[in-house]
Protein chains: 2
Amino acid sequence: MELGKAEEIAAKLRSDILNGMLAAGTKLAPERELSEQFGVSRMTARRAIQALEGEGLVVRYPVRGTFVAGIRERLLVERGREVQSPPGSQAIAAAELRQSGSFLKDMQRLGRKPRVQFLEQSALVAASDDIAAHLHIPKGRLVLKRYRLQSADNLPYRLIESYYPADLFGELLTLDIGDTPLFAWLQERHGLKVTHTQEMLIARLATQNERQLLQISANAPVVAIDRTVLASTGRPVEWAHIIAVAALYMFTYEYDILDWNQEQKHGDTPATDQTSNTPGNQRRATYWDRH
Amino acid sequence: MELGKAEEIAAKLRSDILNGMLAAGTKLAPERELSEQFGVSRMTARRAIQALEGEGLVVRYPVRGTFVAGIRERLLVERGREVQSPPGSQAIAAAELRQSGSFLKDMQRLGRKPRVQFLEQSALVAASDDIAAHLHIPKGRLVLKRYRLQSADNLPYRLIESYYPADLFGELLTLDIGDTPLFAWLQERHGLKVTHTQEMLIARLATQNERQLLQISANAPVVAIDRTVLASTGRPVEWAHIIAVAALYMFTYEYDILDWNQEQKHGDTPATDQTSNTPGNQRRATYWDRH
DNA sequence: GAGTGGTCTAGACCACTAT
DNA sequence: TAGTGGTCTAGACCACTCC
């Protein structure tokens with residue numbers, strides 16, 4: 001098999017963690033100590049631990065040390081049709097988007113101390129190309145921008161950069177609706193009922209900026225989510241770009257499968273196909289690229 | 001801001017890539033050359049490039065070099081209700097699970113050369129605890145196991161480890177159904193119609209083993225998917241554990257939002273809550289842990 | 001002051017491949 | 001043979017926190 005030294009150490013620690021020898025919460029030996037134990041340089045021991053960190057098996061804190069993580073700490077996000085808890089899962093269920101202000105409520109229900117931090121003052125800004133396209137409004141039209149960080153027990157969970165058409169939500173800048181869910185207010189004030197959501201997910205490592213804001217280290221993956229919330233009329237009422245700490249989340253989806261015989265009923269998405277086959281090297285950077 | 005040297009270099013290259021100065025496919029300068037240009041050690045230059053790799057902006061090949069990647073190469077997986085192509089997206093649409101054998105068909109439709117490689121000979125095995133629980137059968141009952149690697153143009157896309165109840169699919173070991181979709185055959189042979197699917201996703205870095213099989217490097221994230229496919233009777237007919245190269249995928253979901261007023265209609269998943277609040281340090285490792 | 005992880009240096013050898 | 005990324009060494013200094 002010829003594993004490298006770092007991977008040998010990682011494999012040893014990994015199996016110790018997975019078979020329970022090292023229980024969740026246990027503090028690992030410091031890097032310098034591991035390097036002595038295994039007779040390697042500190043950088044090699046370090047890479048071993050970084051590998052485990054990326055796999056979500058350990059969590060590292062400067063000064064404090066490295067600790068065994070556990071999947072039980074992941075926040076379970078449920079989407080789609082009614083979802084049953086996966087057998088054996090001990091993850092934490094979230095009511096995300098079933099109710100507004102769901103992060104606060106979920107965390108409170110779980111006995112944690114949630115915190116929402118506005119990284120910028122909410123303001124009306126002119127819609128960029130991206131935002132205009134997602135909200136189906138002309139470029140330059142005013143939108144309400146919110147940029148916030150959600151944490152629980154002082155542990156950052158995700159960054160949310162969200163945009164709302166100003167004609168619907170602009171007055172919220174001066175109007176305090178208290179605990180009223182945003183979309184409940186929308187329905188009362190404008191008669192628009194929120195009915196469905198489109199999401200796009202990609203997984204990648206965090207950028208430097210995201211690492212600082214989310215307090216994670218260089219090997220920690222994030223899930224980048226692009227979300228459009230639509231009213232029953234089909235009008236987009238929110239577009240959000242979310243960066244979630246991957247190690248803290250678990251996403252559950254349930255969906256129907258189309259009939260095997262009525263293939264391509266929903267179309268073979270010709271627009272996407274055509275563009276995807278063109279080289280298109282000069283494509284503008286979208287939100288997916290702008291980390 | 002006080003960025004480290006590695007992050008300074010990464011930031012420079014990142015902006016060059018995102019604003020188009022470095023087009024997709026461009027070969028980056030070798031590590032040794034970059035380290036000279038920026039006046040840092042090779043390890044520092046290397047960490048800069050590894051950061052970009054994790055973000056999905058570049059792809060590295062031993063011997064060949066490092067190349068600018070592009071989001072246009074991601075395979076777009078569409079789930080849920082009818083999905084519209086996201087504005088500006090040039091990702092590739094996949095018919096995943098809308099038809100069986102979808103990977104082959106998708107890739108062929110895109111003009112790529114798909115390949116499915118069986119990493120183990122398919123066989124009947126006794127169901128472990130996990131598999132039995134997911135398939136709703138007693139532990140030890142026979143299941144058909146398949147373990148395969150899907151690639152396109154010799155580029156590995158994902159590992160699929162899948163299990164099927166032997167009473168339904170066992171005869172496939174000796175029966176060649178050719179190109180017939182697996183679930184179409186199921187309906188004809190057993191009258192079971194596949195209707196919906198539950199999926200769980202987590203994102204993490206790949207393990208050594210996964211890195212070797214998927215031919216990705218240490219900083220590359222994967223998306224681990226746990227999928228149960230159910231017949232209209234509610235019986236699970238497939239359980240699969242999928243490891244997808246994160247940089248090659250993009251997941252799209254569309255789902256309905258429940259009425260804001262009928263909160264908790266689907267229950268607040270008490271079972272999950274109760275277990276999740278217990279420390280539970282002695283929980284058995286599940287498939288989510290077994291990388 | 002001691003100890004933690006974060007960063008960085010200036011080398012080294014390896015496997016592999018294109019020429 | 002030259003050049004690539006992959007791995008490793010044996011140090012170093014830093015910022016930060018806990019004692």
Side-chain angles (χ1 to χ4, degrees), chain A residues 1-11 13 26-54 57-69 154 205-212 214-220, chain B residues 1-11 13 26-54 57-69 154 205-212 214-220:
Chain A
M1 201 55 179
E2 291 188 27
L3 298 179
K5 294 184 184 180
E7 181 52 33
E8 265 183 32
I9 300 173
L13 294 173
T26 308
K27 184 176 184 299
L28 261 59
E31 294 174 353
R32 290 163 180 83
E33 194 173 316
L34 281 177
S35 69
E36 279 186 25
Q37 282 179 24
F38 289 92
V40 297
S41 73
R42 185 185 156 207
M43 279 305 294
T44 302
R46 183 174 172 75
R47 276 193 301 113
I49 303 179
Q50 283 178 329
L52 299 180
E53 181 190 25
L57 294 177
V58 303
V59 191
R60 327 190 69 192
Y61 305 100
V63 184
R64 293 176 52 196
T66 301
F67 299 83
V68 177
N154 286 324
L205 292 195
T207 64
Q208 167 81 7
N209 184 42
E210 292 163 355
R211 290 203 297 270
Q212 287 183 350
L214 294 171
Q215 293 175 32
I216 53 181
S217 59
N219 259 12
Chain B
M1 203 51 179
E2 288 186 29
L3 299 180
K5 294 185 183 179
E7 181 53 34
E8 265 183 32
I9 299 173
L13 293 173
T26 309
K27 184 176 184 298
L28 261 60
E31 295 174 351
R32 291 163 177 83
E33 194 173 318
L34 281 176
S35 68
E36 278 185 25
Q37 282 179 21
F38 289 93
V40 297
S41 73
R42 184 185 156 207
M43 280 303 295
T44 302
R46 184 175 170 74
R47 277 194 298 113
I49 303 179
Q50 282 178 329
L52 299 179
E53 182 190 23
L57 294 178
V58 303
V59 191
R60 329 191 68 192
Y61 306 100
V63 185
R64 294 176 52 197
T66 301
F67 300 84
V68 177
N154 286 322
L205 291 196
T207 64
Q208 167 82 7
N209 184 41
E210 292 163 356
R211 289 203 297 268
Q212 286 183 349
L214 294 171
Q215 292 174 33
I216 53 180
S217 58
N219 258 15

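Every chain is numbered from 1, with letters handed out A, B, ... down the list of sequences. Since the structure is predicted, the reported quantities are computational estimates derived from the model, not experimental observations.
- With sequence neighbours excluded, no residue satisfies salt bridge (Lys or Arg N to Asp or Glu O under 4.0 Å) with A:Glu53.
- For the side chain to side chain contact (heavy atoms under 4.5 Å, CB included) test, residues two or more places apart in sequence or in another chain that qualify with B:Arg47 are B:Ala6, B:Thr44, B:Gln50.
- At least one donor-acceptor pair closer than 3.5 Å links the side chain of B:Arg211 to the backbone N or O of B:Ala206.
- Distance CZ (B:Arg32) to P (D:dA2): 14 Å, rounded to an integer number of Å.
- B:Ala6 comes within contact range of the sugar-phosphate backbone alone, with a heavy-atom separation under 4.0 Å but no base atom that close.
- Of the residues in residues 40-51 of chain B, B:Arg42, B:Met43, B:Arg46 come within less than 4.0 Å of DNA chain D through at least one heavy atom, sorted by number.
- For B:Ala11, the side chain to side chain contact (heavy atoms under 4.5 Å, CB included) partners two or more places apart in sequence, or in a different chain, are B:Glu7, B:Arg14.
- Shown here for A:Ala218 and A:Leu205, the closest heavy-atom pair between the two residues is O-CD1, 3.9 Å.
- Listed for the A:Glu210 side chain is a donor-acceptor partner under 3.5 Å among the backbone atoms of A:Thr207.
- Rounding to whole angstrom units, NZ of residue B:Lys27 and C1' of D:dT4 are separated by 7 Å.
- Once rounded to the nearest 0.5 Å, the distance linking CG of A:Leu13 with CG of A:Leu52 reads 5.5 Å.
- On the nucleic acid side, DNA chain C contacts chain A at distances under 4.0 Å to non-hydrogen atoms, with the end points of that region at C:dG3 to C:dC8.
- Partners of A:Glu36 according to the side chain to side chain contact (heavy atoms under 4.5 Å, CB included) rule, which considers only residues two or more places apart in sequence or in another chain, do not exist here.
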